[in-house]
Amino acid sequence: MINKLNSEDIALGIRRRVFEHCIKNNGAYLSQACSSAEQLAWLYNEALYLGDSILPSVPEKFKGVPNINNKSYKTGAGYNGPTGSEYDRLIFAPAHYALVAYATLIEVGRMSPEALSMFNKDGSSVEIIGAEHSPGMEMHNGTLGIGLSTAAGIAYGRKLKNEKGQTCVFMSDGELQEGQIWEALQVSVYYNLDNLWAIVDVNEQQVDGAMSDVLDIGNILKKINSFGAKCIEIDGHDINAMRQAKNENHIGKPLIILARTSPYKGMKYLKTRFPRLHYVRFKSEEEREKMNNEISKELGISPIQY
C-alpha cells in the first residue's frame, strides 16, 4: 500500500498543481480545485481502502471504446487499485473535475506528474472531461446524476455477494438537479444499501453561474433525509469533520455527506470572477499576470513561469 501522507498537505498540493496548469495553459476548471481538494485528499489518503495502482504511472494512449474485439481496452479505475471483494470502489461522478482528479492521483503517488503533459491532447486518455478510460475513473458520468445510480448498482451487487468493500461516489451539488439522483436514493434506501456512501461537493456553482440563480434546489439536507437516507452536513474544508461524518451510524441506510465548500478556498482572487467561476480563462495577459502573482502568494509559492 502507498504510505499515507498528511491530508491537508495533499489538498494544498492539489490546488498548487491545478493552479500551475491553469496559468501555463491559459485556463482550467480552477474553482473545483478550491472547493474539493480536501475531500479528494481525504478520500484517497484516509477514507477509502484501496490497493496499489495496477496501471502504468504514465497513462497509456486511448485504445478505443469498449467492444468485444477490443482486447486492450481498460478503464481508468486501475489507478484506484484492483477491484477485489475486500477493496472499496470509488465512482467519480463530476467529469469536469477531471484535472482535480489527476492532480490528486499525482499527489498521492498513483500517477506520474508527466501525465499532465498529456492533458487534453489528441489520442490521450487524460481527457479534459473525464471518461471511463481516464485515470481514476471507470464510468463516463458527466454531471448528469449517473454516478450515484452507478454506485448504487455496484453496491447492490456487492451486497448480494457479501463483499466486504464499500462503494463510494464523489459528486457535485449540481447533480442534485437531476431526477436520476432521487431515483437512485429511493433504490438505495429500499435495498438497505449501507455499503454505499457519497460525499457531495456543495460549492453552489454550476456552468451558468450560481446554482440559486439557475435552479435553486432548496434544503438538500432535509430532502435527502426525507428519502430515508442518512444525510449529514459538514464544512467541506474540515477534514476532521469528514472523519466524524464517515463514522456516523447508518446501518441499513446509505450515507450522504454534504460538504459545504467555497469555490475560492486558497484562491481569493477568484471572487473577482463571481458568478462565472465554472471555467477560468484569462481575459487578458494583464489579468493572467495579476492572478499569477496574487494567487501564488496565497498558495505560498513563487509565481509560475510560463
Side-chain angles (χ1 to χ4, degrees), residues 7-8 10-19 21-22 27-44 47 90-104 128-130 141-145 147-148 168-178 181 197-224 231-239 241-242 245 256-281 291 295 298-299:
S7 295
E8 287 82 1
I10 293 172
L12 178 59
I14 291 168
R15 289 195 182 94
R16 286 173 171 174
R17 198 172 292 276
V18 173
F19 175 66
H21 182 92
C22 180
Y29 288 97
L30 192 55
S31 66
Q32 291 80 1
C34 294
S35 60
S36 70
E38 280 84 8
Q39 295 163 67
L40 290 171
W42 172 70
L43 284 173
Y44 274 96
L90 173 63
I91 301 301
F92 195 97
H96 63 291
Y97 281 58
L99 179 59
V100 193
Y102 306 148
T104 305
I128 186 172
I129 302 294
N141 293 308
T143 310
L144 304 172
L148 187 61
C168 171
V169 55
F170 170 72
M171 301 166 52
S172 63
D173 53 348
E175 296 177 71
L176 297 171
Q177 294 172 337
E178 303 286 348
I181 287 289
W197 64 286
I199 185 164
V200 186
D201 182 25
V202 186
N203 63 14
E204 300 182 343
Q205 304 298 314
Q206 61 187 108
V207 64
D208 294 319
M211 282 185 60
S212 58
D213 295 333
V214 179
L215 178 60
D216 192 352
I217 55 178
N219 190 324
I220 309 171
L221 178 70
K222 184 177 180 180
K223 285 182 177 179
I224 294 177
C231 188
I232 300 169
E233 193 170 66
I234 63 167
D235 177 347
H237 301 297
D238 184 342
I239 292 176
M242 296 178 208
I256 311 294
I257 301 172
L258 299 178
R260 295 244 169 221
T261 59
S262 166
Y264 324 117
K265 179 69 173 179
M267 305 185 199
K268 292 178 183 175
Y269 183 84
L270 289 181
K271 287 184 178 182
T272 63
R273 287 296 193 102
F274 185 84
R276 299 292 182 179
L277 296 169
H278 190 71
Y279 187 92
V280 172
R281 191 179 297 282
M291 187 180 290
I295 295 180
E298 190 171 358
L299 292 175

Which atoms form the tightest heavy-atom contact between [X] and [Y], and what is the distance?
{"X": "Ala98", "Y": "Gly130", "answer": "CB-N, 3.6 Å"}
{"X": "Ile91", "Y": "Gly147", "answer": "CG2-O, 3.8 Å"}
{"X": "Phe19", "Y": "Met291", "answer": "CZ-O, 3.7 Å"}
{"X": "Ala28", "Y": "Cys22", "answer": "CB-CB, 3.6 Å"}
{"X": "Ala245", "Y": "Ile232", "answer": "O-CD1, 3.8 Å"}

- [ ] For Gln32 and Val100, indicate whether the former's side chain and the latter's backbone hold a donor-acceptor pair under 3.5 Å.
- [x]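 Pair absent, no side-chain N/O of Gln32 close to backbone of Val100.
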
Open item on the list: Please check: side-chain N/O of Arg15 versus main-chain N/O of Met267, any donor-acceptor pairing under 3.5 Å?
Closed with: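 Checked: no pair found.
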
Contacts of type side chain to side chain contact (heavy atoms under 4.5 Å, CB included), residue [X], not counting sequence neighbours:
{"X": "Ser31", "answer": "Pro263, Leu270, Leu277"}
{"X": "Gln177", "answer": "Gln206, Met211, Leu215, Ile217"}
{"X": "Leu12", "answer": "Arg16, Leu299"}
{"X": "Arg276", "answer": "Asp208"}

Euclidean distance, [Y] [atom2] relative to [X] [atom1], rounded to 0.5 Å:
{"X": "Glu8", "Y": "Ile239", "atom1": "CD", "atom2": "CD1", "answer": "4.0 Å"}
{"X": "Gln39", "Y": "Ser7", "atom1": "CD", "atom2": "OG", "answer": "12.5 Å"}
{"X": "Ile295", "Y": "Tyr264", "atom1": "CD1", "atom2": "OH", "answer": "12.5 Å"}
{"X": "Thr261", "Y": "Asp238", "atom1": "OG1", "atom2": "CG", "answer": "13.0 Å"}
{"X": "Gln205", "Y": "Arg273", "atom1": "CD", "atom2": "CZ", "answer": "13.5 Å"}
{"X": "Leu99", "Y": "Thr104", "atom1": "CG", "atom2": "OG1", "answer": "9.0 Å"}

Task: salt bridge (charged side-chain N to carboxylate O under 4.0 Å, His left out) contacts touching residues 213-224 (sequence neighbours left out) - done: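 The answer is none; no pair qualifies.
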
TODO: Decide yes or no for Glu233 and Val202: does some side-chain heavy atom of the first lie under 4.5 Å from some side-chain heavy atom of the second?
DONE: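 Side chain of Glu233 against side chain of Val202, heavy atoms only: no contact under 4.5 Å found.
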
Task: Pairwise side-chain contact, Ile256 with Met171, heavy-atom cut-off 4.5 Å (strictly under) - done: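 No, side chains not in contact.
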
All ring-ring contact (aromatic ring centres under 6.0 Å, His included) counterparts of [X], not counting sequence neighbours:
{"X": "Tyr29", "value": "His96, His278, Tyr279"}
{"X": "Tyr97", "value": "Phe170"}
{"X": "His237", "value": "none"}

TODO: Check Ser36, Ser35, Ser172 against Asp201 for a side-chain hydrogen bond (donor to acceptor under 3.5 Å, both in side chains) and give me the one that passes.
DONE: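 With Asp201 as partner, side-chain hydrogen bond (donor to acceptor under 3.5 Å, both in side chains) holds for just one option, Ser35.
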
- [ ] Only counting residues at least two apart or in another chain, list the ones meeting side chain to side chain donor-acceptor pair (under 3.5 Å) with His21.
- [x]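 Per chain and number, His21 pairs via side chain to side chain donor-acceptor pair (under 3.5 Å) with Asn25.
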
